[in-house]
Number of protein chains: 2
Amino acid sequence: MHNSIYLLKTNGLSKTNGRLAILDLFMAAGQALAHADIEYQLEKTFDRVTIYRTLQTFVEKGILHQIPTTDNTILYGLCKEACQDGHHHDNHVHFICIKCEKTNCLDEVTVPVVKLPKGFQPVHSAMLVKGVCKHCRS
Amino acid sequence: MHNSIYLLKTNGLSKTNGRLAILDLFMAAGQALAHADIEYQLEKTFDRVTIYRTLQTFVEKGILHQIPTTDNTILYGLCKEACQDGHHHDNHVHFICIKCEKTNCLDEVTVPVVKLPKGFQPVHSAMLVKGVCKHCRS
DNA sequence: GTAACTGCAAAATATTTGCATCCTT
DNA sequence: AAGGATGCAAATATTTTGCAGTTAC
């Protein structure tokens, strides 16, 4: 896994405290985070607007990918090395635990290809699985 | 397909103009709608708050199901007959057209079962496919 | 030094809640 | 008549935009 500074440099982004703090949060969390989570964890260290803009920049650069949700928030997950400039390789399954409420990227589980009705041409697929994660089964 | 009045009655909901109008919109649309779409199409006939409350009620009763998105809105799709009280049978694939921006329920395409890592116990799955729909291929 | 980034203020948007009134059964 | 549904007002929360000051390189 690349470190934060390397990630910023290779994406032509300047190294700022805000960006480093946000990247470090994601690396430490090991799970998907929403804007609100980040704002909460950074405790006013950075402006809310900066967080919005940073997340947007990271998505554009392919450092983060967006994970669909049904509760009008956007979740962000750290992309693996293969991602770059808009062309995301986030075709893995996302797992949402109904107990701890955490969302994890199951990097090793690829989204299966489904057969679509005649005329529908797929470009990208996403898959969400809800259930109980391995940490909550005890 | 059941009609609006029947749907309300079997779910123990009183028959009101607002609910009928919203249900009819969904039946006529044949695609997923967001709160904003509904508000726009009903042109101030009903209060925005009523629309919020109606959508929530319909989801609870299993008349509508929520479709995850990556743009902090919630899309709602009409459930098929099998749905009832919270226990949704919306395990079909959702298709989002990148040209016309419409989201359709592909009722005939079932979400495939994926093999999860040890310890993860699935309860429900959702799948989203982005691409070009059959109406936009000409 | 220059371009990029940030914070603040403010605007625009979206969502929730309480309450009085009206409608459905 | 009674309970549920609606509309309105207001409180909250969320997101976007502009601009001036600051920082990274």
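Within every chain, numbering begins at 1; the chains are lettered A, B, ... in the order of the sequence lines, protein sequences first and strands thereafter.
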Between atom CZ of R53(A) and atom CZ of R19(A), what is the distance when rounded to the nearest 0.5 Å?
11.0 Å
So R53(B), base contact, sugar-phosphate only, or nothing? Heavy-atom distance under 4.0 Å.
base
Does H65(A) reach the main-chain N or O of G77(A) with its side chain, forming a donor-acceptor pair under 3.5 Å?
yes
Please list, pair by pair, any protein nitrogen or oxygen found under 3.5 Å from a nitrogen or oxygen in nucleotides 22-25 of chain D.
residue : atom : partner : partner atom : Å
dC25(D) : OP1  : K15(A)  : N            : 3.2

Given that R48(A) and T50(B) both sit by DNA chain D, which one's nearest nucleotide is further toward the 5' end?
T50(B)
Starting at atom CD1 of I74(B), determine the distance to atom C1' of dT14(D), rounded to an integer number of angstrom.
14 Å
Per nearest nucleotide of DNA chain C, the residue lying toward the 5' end, F46(A) or Q56(B), is F46(A)
Full working for side chain to side chain contact (heavy atoms under 4.5 Å, CB included) between F58(A) and N11(A):
CA-CA 9 Å; F58(A) 284 175; N11(A) 282 288; over 6 Å; no
Could you tell me which non-hydrogen atom of R137(A) sits nearest to which non-hydrogen atom of G119(B), and how far apart they are?
CD-O, 2.8 Å
Candidate list T103(B), N104(B), L78(B), test side chain to side chain contact (heavy atoms under 4.5 Å, CB included), partner Q31(B), passing option
N104(B)
DNA chain C: 5'-most and 3'-most nucleotides touching chain A, 4.0 angstrom heavy-atom criterion
dA4(C) to dT15(C)
Which heavy atom of P68(A) sits nearest to which heavy atom of L128(A), and what is that distance?
O-CD1, 3.5 Å
In whole angstrom, give the distance that lies between atom NZ of K44(B) and atom C1' of dC8(D).
13 Å
L20(B) CG - dT6(D) C1' separation (whole Å):
14 Å
In whole Å, what is the span from the CG atom of D47(B) to the P atom of dA10(D)?
14 Å
Atom CD of E39(A) to atom P of dT14(D): distance rounded to whole Å?
8 Å
Do the non-hydrogen side-chain atoms of L42(A) and I22(A) ever get within less than 4.5 Å of each other?
yes
For I51(B) and dT6(D), what is the distance between atoms CD1 and C1' respectively, to the nearest whole Å?
12 Å
For side chain to side chain contact (heavy atoms under 4.5 Å, CB included), just list the numbers for L75(A) and H94(A), CA-CA rounded to whole Å, side-chain angles, deciding distance to a tenth of an Å, and then say yes or no.
CA-CA 11 Å; L75(A) 278 179; H94(A) 292 101; over 6 Å; no
Any N72(A) side-chain N or O less than 4.0 Å from OP1/OP2 of dT14(D)
no
Cluster check I38(A), I74(A): I/L/V/M/F/W/Y, side chain < 4.5 angstrom
yes
